[in-house]
Amino acid sequence: MPELPEVQTIVDGLNQQVAGATVVGVSCDWKKMISVETENVSPNGAITLRSEKTWKKFESMVVGKKIKNVERKGKFIVFNLSENVHINAHLIVHLRMTGHFLIITPEKRKDTKNAIHEKVNQYIHFQMELSDGRIIALSDLRKFAKIAIAKKSDIDRIIIVGQDPLNKEFTLEKFRKIFKDKRGNVKQILMDQSLIAGIGNIYSSEILWEAKISPLAKIENLDDKEMKSIFNAMKKVLKLAIKMRGSSESDYRDVDGNEGGYQKIHKVYKREGKECFRKDGGIIKRIKIGQRSTFYCCKCQI
DNA sequence: TGCAGTGTTGCTTC
DNA sequence: CGAAGCAACACTGC
């Protein structure tokens, strides 16, 4: 569920609150989510940590390090860890479906009643304790989230993502170029992380409504004008969603445990059977594209 | 009550 | 080889 706007909101929160902090301990009760990336492994790179020995390796690469800063790459969150001044390890996290980070202060730890979203505590499967007593916790109901520790030389092998939609250098011209030789329906192509990174099921529907393009339209049939409206809609929708601190359909929370606000202004997502906000007499339809629910207005999206 | 459906990704199958 | 299906997991709602 966390797509670009949600991940960006989390990364901004982490940067504001924990950049510069030192990790003094890590714990995990679901070690399947952890991997250690080393230069010696091939071809997928990951060693799954099942033994205590490999967990110790992970621990040794994180504990005692300073969180220099936190970055977003597509839907990935990267904690840049440093010893002295040089960044020497990257903690890479993908939240998948239901993962989210929470920063738990010592006060909140004591105050169990008011602490966090009450149902969240039991889903915390990974924690990093900071020297000031705060905890960075990863809550994940479905346990799909992935955490990897990697050296700089391994990072590009793990994070393979395309253009960032909100990068100022990502122009309309580059956008057109990426799709020039691509085939297939536009919705699935917008969600292809190796082309453009960060758009998922919710925002692809929202962007295509904004652009007045059917999710079933074939990318190879779209003209320049239509490609331009998708490009503009993409930037507009994602920027506004970040401003609203993301969409909370179910589990998503920001690092302080608060819901986002964008779900309140979804134009099509989960609005099946309702009137189109364009007041064009259209009713929002729900279809399946590649096993995923897709929402669109049958009147204005052609 | 039980089973289909739920944001994502990646591996397997055809 | 590319597209489609399904598994990973736990909960909700019909």
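None of the values given here were measured: they were computed from a predicted structure. Chain letters run A, B, ... following the sequence lines, proteins first and then strands; every chain starts at 1.
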*Asks:* Tell me the salt bridge (Lys or Arg N to Asp or Glu O under 4.0 Å) pairs involving residues 130-143 of chain A, sequence neighbours left out?
*Replies:* A/Asp132-A/Arg134

*Asks:* Nearest whole Å is fine: how far is B/dG5 P from A/Arg286 CZ?
*Replies:* 9 Å

*Asks:* Partners of A/Tyr262 by ring-ring contact (aromatic ring centres under 6.0 Å, His included), sequence neighbours excluded?
*Replies:*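 Applying ring-ring contact (aromatic ring centres under 6.0 Å, His included) to A/Tyr262 gives A/Tyr203, A/His266.
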
*Asks:* What integer distance in Å separates A/Phe126:CZ from C/dC9:P?
*Replies:* 19 Å

*Asks:* Can you list, in residue-number order, the parts of residues 262-271 of chain A that come under 4.0 Å of DNA chain B, counting heavy atoms only?
*Replies:*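 Hits under 4.0 Å, by residue number: A/Tyr269.
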
*Asks:* In chain order, what residues pass the side-chain contact (heavy atoms from CB on, under 4.5 Å) check against A/Gln16, with sequence neighbours excluded?
*Replies:* A/Asp12

*Asks:* Classify the nucleic acid contact of A/Ser247 as base, sugar-phosphate or nothing, counting any heavy atom under 4.0 Å across all strands shown.
*Replies:* nothing

*Asks:* When rounded to the nearest Å, what value does the distance between P atoms of C/dC9 and B/dT12 take?
*Replies:* 16 Å

*Asks:* Side chains of residues 168-178 of chain A: which donor-acceptor partners sit under 3.5 Å, not counting sequence neighbours?
*Replies:*
| residue | atom | partner | partner atom | Å |
| --- | --- | --- | --- | --- |
| A/Thr171 | OG1 | A/Lys174 | N | 3.3 |
| A/Lys174 | NZ | A/Glu169 | O | 3.1 |
| A/Arg176 | NH2 | A/Asp224 | O | 2.9 |

*Asks:* Considering only side-chain heavy atoms of A/Phe144, which listed nucleotide, C/dC11, B/dT6, C/dC9, is closest?
*Replies:* C/dC9

*Asks:* With a 4.0 Å limit, can you tell me whether A/Lys146 has a side-chain N or O closer than that to the phosphate oxygens OP1/OP2 of B/dG10?
*Replies:* no

*Asks:* For A/Leu141 and C/dT12, give me the distance from atom CG to atom P, rounded to whole Å.
*Replies:* 8 Å

*Asks:* As a test of reading the structure: which of B/dT8, C/dC9, C/dA10 is closest to the side chain of A/Tyr123, going by heavy atoms?
*Replies:*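 Looking only at side-chain atoms, A/Tyr123 lies closest to C/dA10.
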
*Asks:* Of all residues at least two apart in sequence or in a different chain, which pass the side-chain contact (heavy atoms from CB on, under 4.5 Å) check with A/Glu59?
*Replies:*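 For A/Glu59 the side-chain contact (heavy atoms from CB on, under 4.5 Å) partners, ignoring immediate neighbours, are A/Val26, A/Trp55, A/Lys56, A/Val63.
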
*Asks:* Look at A/His94 and B/dT9 and indicate whether a side-chain polar atom (N or O) is within less than 4.0 Å of OP1 or OP2.
*Replies:* yes

*Asks:* May I have the distance from A/Lys32 (atom NZ) to B/dG10 (atom P), rounded to whole angstrom?
*Replies:* 16 Å

*Asks:* Going by the rule side-chain contact (heavy atoms from CB on, under 4.5 Å), which residues pair with A/Met61 if we only count those two or more places apart in sequence or in a different chain?
*Replies:*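 Applying side-chain contact (heavy atoms from CB on, under 4.5 Å) to A/Met61 gives A/Val36, A/Lys57, A/Ile149, A/Lys151.
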
*Asks:* Using the C1' atom as the point on both nucleotides, what is the distance between C/dC6 and B/dA4, in whole Å?
*Replies:*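 B/dA4 and C/dC6 have their C1' atoms separated by 15 Å.
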
*Asks:* Rounded to whole angstrom units, what separation is found between the CD1 atom of A/Ile202 and the P atom of B/dT6?
*Replies:*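 These atoms are roughly 12 Å apart.
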
*Asks:* Heavy-atom distance under 4.5 Å between the side chains of A/Leu14 and A/Ile103, does that happen here?
*Replies:*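 In contact.
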
*Asks:* Need one value for A/Lys75: base, sugar-phosphate or nothing, where a base atom within 4.0 Å counts as base even if backbone is also close, heavy atoms only.
*Replies:* sugar-phosphate

*Asks:* Within the structure provided, determine whether A/Thr98 and A/Tyr123 are in side-chain contact (heavy-atom separation under 4.5 Å).
*Replies:*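 No, their side chains stay 4.5 Å or more apart.
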
*Asks:* Give the nucleotide from the list C/dG5, C/dC11, B/dT8 with an atom nearest to the side chain of A/Gln122.
*Replies:* C/dC11

*Asks:* Rounded to whole angstroms, how far apart are CZ on A/Arg96 and C1' on C/dA7?
*Replies:* 11 Å

*Asks:* With sequence neighbours excluded, what pairs up with A/Asp192 under the side-chain contact (heavy atoms from CB on, under 4.5 Å) test?
*Replies:* A/Ser194, A/Leu195

*Asks:* List the atom pairs, with distances to 0.1 Å, where a side-chain N or O of residues 89-97 of chain A and a protein N or O form a donor-acceptor pair under 3.5 Å, not counting sequence neighbours.
*Replies:*
| residue | atom | partner | partner atom | Å |
| --- | --- | --- | --- | --- |
| A/His90 | ND1 | A/Asn80 | OD1 | 2.6 |
| A/His94 | ND1 | A/Arg96 | N | 2.9 |

*Asks:* Between A/Thr22 and A/Ser131, is there a donor-acceptor pair closer than 3.5 Å when you use the side chain of the first and the backbone of the second?
*Replies:*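 A pair under 3.5 Å: no.
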
*Asks:* Would you say B/dT6 has OP1 or OP2 under 4.0 Å from some side-chain N or O of A/Ser293?
*Replies:* yes

*Asks:* Would you please test A/Arg286 and A/Ser293 for side chain to side chain donor-acceptor pair (under 3.5 Å) and show each step?
*Replies:* CA-CA 7 Å; A/Arg286 171 189 178 134; A/Ser293 282; 3.0 Å; yes

*Asks:* For DNA chain B, what residues of residues 176-193 of chain A have any heavy atom nearer than 4.0 Å?
*Replies:*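 A/Gln193 - these, ordered by number, are the residues of the stretch whose heavy atoms sit under 4.0 Å from the strand.
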
*Asks:* Can a side chain N or O of A/Lys143 be found less than 4.0 Å away from OP1 or OP2 on B/dT9?
*Replies:*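 A/Lys143 to B/dT9 OP1/OP2: no side-chain N or O under 4.0 Å.
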
*Asks:* Roughly, in whole Å, what's the span from CD in A/Glu3 to C1' in B/dT8?
*Replies:* 9 Å

*Asks:* Whenever both distances are under 3.5 Å in a Watson-Crick or G-U wobble pair, mark it; put DNA chain B into dot-bracket that way, with [ ] for crossing pairs and | when the partner is on another strand.
*Replies:* .|||||.|||||||

*Asks:* When the side chains of residues 207-214 of chain A are checked against the rest of the protein, which donor-acceptor pairs come out under 3.5 Å, sequence neighbours left out?
*Replies:*
| residue | atom | partner | partner atom | Å |
| --- | --- | --- | --- | --- |
| A/Glu210 | OE2 | A/Lys236 | NZ | 2.8 |
| A/Ser214 | OG | A/Leu216 | N | 3.0 |

*Asks:* Tell me what A/Glu6 touches on the nucleic acid: a base, only sugar-phosphate, or nothing, going by heavy atoms under 4.0 Å.
*Replies:* nothing

*Asks:* Mind calculating the distance between CG (A/Asp251) and P (B/dG5) to the nearest angstrom?
*Replies:* 19 Å

